[in-house]
Participant: 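Take a look at this one; I'll ask things after.
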Amino acid sequence: MIVPAGYEFLVGPISFSGPYCQRNILFQLDGTIIAPTNANAWGKGLLQWLEFTKLVGLTIKGKGTIDGRGSVWWTHSILDDPIDNEDLLVSLLNITITQSPPVSSSMESKMPSTKPTALRFYGSFNVTVTGITIQNSPQCHLKFDSCNGVLVYSLSVSSPGDSPNTDGIHLQNSQNVLIHTTDLSCGDDCISIQTGCTNVFVHDVNCGPGHGISIGSLGKDGTTACVSNITVRNVNMHNTMTGVRIKTWQGGSGSVKGVLFSNIQVSDVQFPIMIDQYYCDHSSCTNHTSAVAVSNIAYENIKGTYTVKPVHVSCSDSMPCMDVRLTDIELNPAPKGYHMYDPFCWNAFGELYAPTVPQIGCLQQGTPSSSWDPTETGCPA
């Protein structure tokens, strides 16, 4: 299938569905595909705009653009959508965040409340996306759900930093994923790694604006979440809310383990290093004793400048974070006169393997006296 250069195509919601399709289909995208801004095209609301399901060996490549024209959705949704927990945290710290409102539109009141992902892959094997630009999605830009064997490189994602819930790349229930040499600018997580993901490798990525690279949120509404073997290295982050983050809800179960964040350069990032086991996207959430277990997490060679707090590791009272390792951390306050805060840890155990800047004295050494059993989390060993 060819979308030729020099042309712009208005395409409504569509699904290319297998499984009875030829393998190794090439979708050559050199022109521009634009989404409808007429509410009638979306009915009562859809979860995706362009969807590929149950395919094997599909490649989308080219120099073209997928433009979700999301501004007609954003103004209406900013009052209704859940907000990222760390925005609340900054507010609690009496930090004022100034945001310009998203672009308004006469169509905003007519758009459905359910906003679509621009490009979604479901239940597919050996998928490649390369070369293209995805911009201004109503919600998430690129999503892989229940896929095995994903390759994304030389991709560009572009949306304003204040566009709500516009994740760059969203992974869920997907394994064996490689993302590299990619530029991600959006209004939410540059990369979001959700439950069911394992063997994910991210490297040589530029992130910002946005909310950083996050594992989670996990364990919402008491669900079980399993994430393992995640590597994120050689990443530049500029003007993001968090840097590299793990976020889980109270009341969940499961585990996050085997995570490496390495060679992360941050510039004007509010919270460069974060583990938050009290994640909440409302003004308040109910306290629970159960939690997603977090263990074997390594942060190494994280350097640059922060604007609020360099390290925030807040772990569950009943499920302490274990084996958190910090090596070669050098984070200095951005010279802009913000009110800075010291590193914070709660119920976090691990090791410091080299002197850190600033000094991180809150990480408890060794293991907790009443540690949990990693074999009883409900996740594969």
Side-chain angles (χ1 to χ4, degrees), residues 1-16 25-39 41-42 46-53 55 58-75 77 102-103 105 107 111 115-122 124 127-145 147 150-171 178-192 204-210 238:
M1 179 176 289
I2 298 175
V3 180
Y7 293 89
E8 188 173 79
F9 299 89
L10 175 65
V11 178
I14 188 169
S15 179
F16 299 88
I25 293 173
L26 172 62
F27 191 109
Q28 184 72 34
L29 175 59
D30 292 318
T32 299
I33 297 175
I34 61 173
T37 55
N38 185 328
W42 302 99
L46 297 171
L47 295 175
Q48 53 273 327
W49 169 32
L50 307 174
E51 182 185 43
F52 295 85
T53 70
L55 300 172
L58 176 72
T59 296
I60 296 181
K61 62 179 289 189
K63 299 179 180 179
T65 299
I66 295 173
D67 188 348
R69 302 204 287 179
S71 62
V72 296
W73 304 78
W74 298 334
T75 304
S77 69
V103 179
S105 167
M107 296 296 298
M111 301 306 285
K115 296 174 293 300
T117 288
L119 178 59
R120 177 182 184 244
F121 296 88
Y122 173 78
S124 296
V127 175
T128 299
V129 179
T130 180
I132 68 170
T133 295
I134 308 175
Q135 65 189 32
N136 299 325
S137 177
Q139 197 168 33
C140 177
H141 287 77
L142 176 59
K143 180 180 291 187
F144 296 94
D145 188 354
C147 293
V150 172
L151 174 61
V152 177
Y153 67 98
S154 300
L155 173 78
S156 176
V157 165
S158 178
S159 286
D162 56 7
S163 55
N165 301 111
T166 54
D167 293 52
I169 302 174
H170 180 98
L171 305 175
L178 174 59
I179 300 169
H180 69 89
T181 323
T182 289
D183 296 322
L184 305 170
S185 302
C186 57
D188 209 302
D189 295 325
C190 291
I191 299 175
S192 171
D204 295 285
V205 167
N206 294 316
C207 168
H238 175 68

Participant: Within this structure, what is the SG-CD1 distance for the pair Cys190 and Ile179, rounded to the nearest 0.5 Å?
Facilitator: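 If we round to the nearest 0.5 Å, Cys190:SG and Ile179:CD1 are 11.0 Å apart.
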Participant: Just wondering, more than 12 heavy atoms not from Tyr7 lying within 6.0 Å of its OH?
Facilitator: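 No.
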Participant: So, Gln135 versus Ser158: side-chain donor-acceptor pair below 3.5 Å or not?
Facilitator: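 No, no side-chain donor-acceptor pair sits under 3.5 Å.
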Participant: Please examine the side chains of His180 and Leu151, heavy atoms only from C-beta on, and report whether any two atoms are closer than 4.5 Å.
Facilitator: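 They are in contact (side-chain heavy atoms under 4.5 Å apart), so the answer is yes.
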Participant: Would you say the side-chain atoms of Asn136 pair up with the backbone N or O of Gly68, donor to acceptor, closer than 3.5 Å?
Facilitator: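 No: the side chain of Asn136 does not pair with the backbone of Gly68.
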Participant: What's the spacing between Ser192 OG and Ile169 CD1 if we round to 0.5 Å?
Facilitator: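 Result: 10.5 Å between the selected atoms.
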Participant: So which atom in Ala118 and which in Ile134 form the shortest heavy-atom distance, rounded to 0.1 Å?
Facilitator: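 Residues Ala118 and Ile134, closest heavy atoms: CB-CG2, 4.0 Å.
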Participant: Between the side chain of Thr130 and the main-chain N/O of Ser154, is any donor-acceptor distance below 3.5 Å?
Facilitator: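 Flag not set: sc Thr130 to bb Ser154 has no pair under 3.5 Å.
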Participant: Taking C-beta and beyond as the side chain, do Phe16 and Met1 meet within less than 4.5 Å on heavy atoms?
Facilitator: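 Phe16 vs Met1: side chains touch.
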Participant: So how far is it from Thr117 OG1 to Asp145 CG, rounded to the nearest 0.5 Å?
Facilitator: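 So the gap between those two atoms works out to 10.0 Å.
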Participant: For the atom pair OG (Ser163) and CD (Gln139), what is the distance rounded to the nearest 0.5 Å?
Facilitator: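 It comes to 11.0 Å.
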Participant: What's the separation between atom CD1 in Ile34 and atom OG1 in Thr32, rounded to the nearest 0.5 Å?
Facilitator: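 If we round to the nearest 0.5 Å, Ile34:CD1 and Thr32:OG1 are 8.5 Å apart.
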Participant: In this structure, are over 12 heavy atoms from other groups packed under 6.0 Å from Ile2 atom CD1?
Facilitator: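 Incorrect, the count does not exceed 12.
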Participant: Does Ser124 use its side chain to pair, donor to acceptor, with the backbone of Leu55 at less than 3.5 Å?
Facilitator: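 Such a contact is found between Ser124 side chain and Leu55 backbone.
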Participant: Show the nearest heavy-atom pair for residues Gly168 and Cys140, with the distance to one decimal.
Facilitator: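 Smallest heavy-atom distance, with atoms named: O-SG, 4.5 Å.
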Participant: Side chains of Ser159 and His141: do they bring a donor and an acceptor to under 3.5 Å?
Facilitator: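 Side chains of Ser159 and His141: pair found under 3.5 Å.
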Participant: Over 60° means perpendicular and under 30° means parallel, so tell me whether Trp49 and Trp42 are parallel, tilted or perpendicular.
Facilitator: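 Geometry flag for Trp42 against Trp49: perpendicular rings.
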Participant: Determine the interplanar angle of the Phe52 and Phe27 rings, folded into 0 to 90°, and report it as parallel if under 30°, tilted if 30 to 60°, perpendicular if over 60°.
Facilitator: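 If you compare the ring of Phe52 with that of Phe27, the planes turn out perpendicular.
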Participant: Any side-chain heavy atom of Trp74 sitting closer than 4.5 Å to one from Thr166?
Facilitator: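 Yes; the side chains approach each other to less than 4.5 Å.
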Participant: Does Gln28 reach the side chain of Lys61, with side-chain heavy atoms less than 4.5 Å apart?
Facilitator: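 The answer is yes, as the side chains (C-beta and beyond) meet within the 4.5 Å cut-off.
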Participant: Are the side chain of Arg120 and the backbone of Lys143 linked by a donor-acceptor contact shorter than 3.5 Å?
Facilitator: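 A pair under 3.5 Å: no.
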Participant: I'd like to know whether OH of Tyr153 has more than 12 heavy-atom contacts from other residues, nucleotides or ligands below 6.0 angstrom.
Facilitator: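 Result for OH/Tyr153: open.
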